[in-house]
There are 2 protein chains.
Amino acid sequence: MPDSSYIAKLCYDKGLRLTEQRRVIAKVLADANDHPDVEELHARSAAVDSRISIATVYRTLRLFEELEVVTKHDFGDQRARYELADSEHHDHIIDLKSGKVIEFENEEIERLQEKIVNDLGYELVDHKLELYVLPRKKK
Amino acid sequence: MPDSSYIAKLCYDKGLRLTEQRRVIAKVLADANDHPDVEELHARSAAVDSRISIATVYRTLRLFEELEVVTKHDFGDQRARYELADSEHHDHIIDLKSGKVIEFENEEIERLQEKIVNDLGYELVDHKLELYVLPRKKK
DNA sequence: GTAAGTGCAAATCGTTTGCAATTTC
DNA sequence: GAAATTGCAAACGATTTGCACTTAC
């Protein structure tokens, strides 16, 4: 999982400038353990440095996405949500009641996915699995 | 799988008026075997009756979605795509090269999904599984 | 005839962009 | 000092909505 200093190195390697804004946004992302949307990321960043505009947050997120240091999600509400890219792909359970998002991995499902597309002559390059759930009522 | 006459009956049952526009849009949906976006649905509908506005297409799709006769998808491009609701849930393989969408079902994956959320005390109310693929190169 | 449904154009929401001003290197 | 990056506000694309007009019942 990339951290702020990893991002700094990446910027350097790519000839990108390590601005105050990028540093702050990287740290905000590294500190988050939820899946904030852009407005929330802007709020958290602006709390550290009020000069950061939302346009820069959008631009920086797009940049980080291209560098593959963040992953963009769409959980059915309109706006995009972000998290630091994980080396292992993981999927999400969305609790429709509380809005809480739980991460999980399941090797067997991954294996089945590979098999399905391979049998059709394809190569799996990405996948998205989201389970929308509600708390189970006891009887 | 609902067809036009089923939709007519549903409108009747719910006290909704069966307008020319709804009739046309229902037929366009029933005739489609792809996953058209709103603009495309509007184009197909307007070809039948040019009086149909895009606002009505949006309103009708929202209505049909509430009635559970259509399913709305988001395949990673921006706009929403629609298809008639199927009684069996199915998932999608998206060929990133051609944009083609292939439907599939896999009982074993469904079973694993149920198990995952049950073990966490949840009930699965919906899920989304999308496999993004590219044609496999031979070696 | 009346309430539901429509078309139109304006509004909204999330996101992107042109440009002049500001930084980082 | 030059090129990259920023902030601002305007532009954008998909979708929604207010309102006067139309239509199904």
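Here is the naming used below: chain letters follow the sequence lines, and residue numbers restart at 1 for every chain.
To the nearest angstrom, P of dT15(D) lies 10 Å from CZ of Arg81(B). If you measure from atom CG of Leu63(A) to atom P of dA4(D), you get 13 Å, rounded to the nearest angstrom. For the pair Ile54(A) CD1 and dC8(D) C1', the interatomic distance rounds to 13 Å; values are reported in whole Å. Arg79(A) places its CZ atom 16 Å from the C1' atom of dT15(D), with the value rounded to the nearest Å. Rounded to an integer number of Å, the gap from CG of Asp37(B) to C1' of dG13(D) is 12 Å. Atom CD in Glu39(B) sits roughly 10 Å away from atom P in dT15(D) (whole-Å rounding).
Considering only side-chain N and O atoms, Arg62(B) lies under 4.0 angstrom from the phosphate OP1 or OP2 of dT17(D). For dT16(D), neither phosphate oxygen OP1 nor OP2 lies less than 4.0 angstrom from any side-chain nitrogen or oxygen of Tyr58(B).
Remark: the backbone N or O of Asp126(B) is not paired with any side-chain donor or acceptor of His89(B) at under 3.5 angstrom. Within the 3.5 Å criterion, the main-chain N or O of Val38(B) finds no donor-acceptor partner in the side chain of Arg79(B). Checking side-chain atoms of Arg22(A) against main-chain N and O of Arg17(A) turns up a donor-acceptor pair under 3.5 Å. Although no hydrogens or angles enter the test, the distance criterion places a donor-acceptor pair under 3.5 Å between the side chain of Arg136(B) and the main chain of Asn118(A).
From the 5' end on, the contacts that DNA chain C makes with chain B at under 4.0 Å to a non-hydrogen atom open and close at dA3(C) to dC8(C).
Between Glu107(A) and Arg111(A), at least one side-chain nitrogen of the basic residue sits less than 4.0 Å from a carboxylate oxygen of the acidic one, meeting the salt-bridge criterion. By the 4.0 Å N-to-carboxylate-O rule, Glu40(B) lies close enough to Arg44(B) to be salt-bridged with it.
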Using a cut-off of 4.0 Å between protein heavy atoms and nucleotide atoms, how would you tag nucleotides 19-25 of chain D 5' to 3' with B, S and -? -----BS
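Residues Asp95(A) and Pro135(A) approach most closely at OD1-CD, 4.0 Å, considering heavy atoms.
The side chain to side chain contact (heavy atoms under 4.5 Å, CB included) with Ile52(A) is formed by just one residue from the set Val57(A), Leu41(A), Thr19(A); it is Val57(A).
Classified by interplanar angle (parallel below 30°, tilted 30° to 60°, perpendicular above 60°), the ring pair His92(A)/His90(A) is perpendicular.
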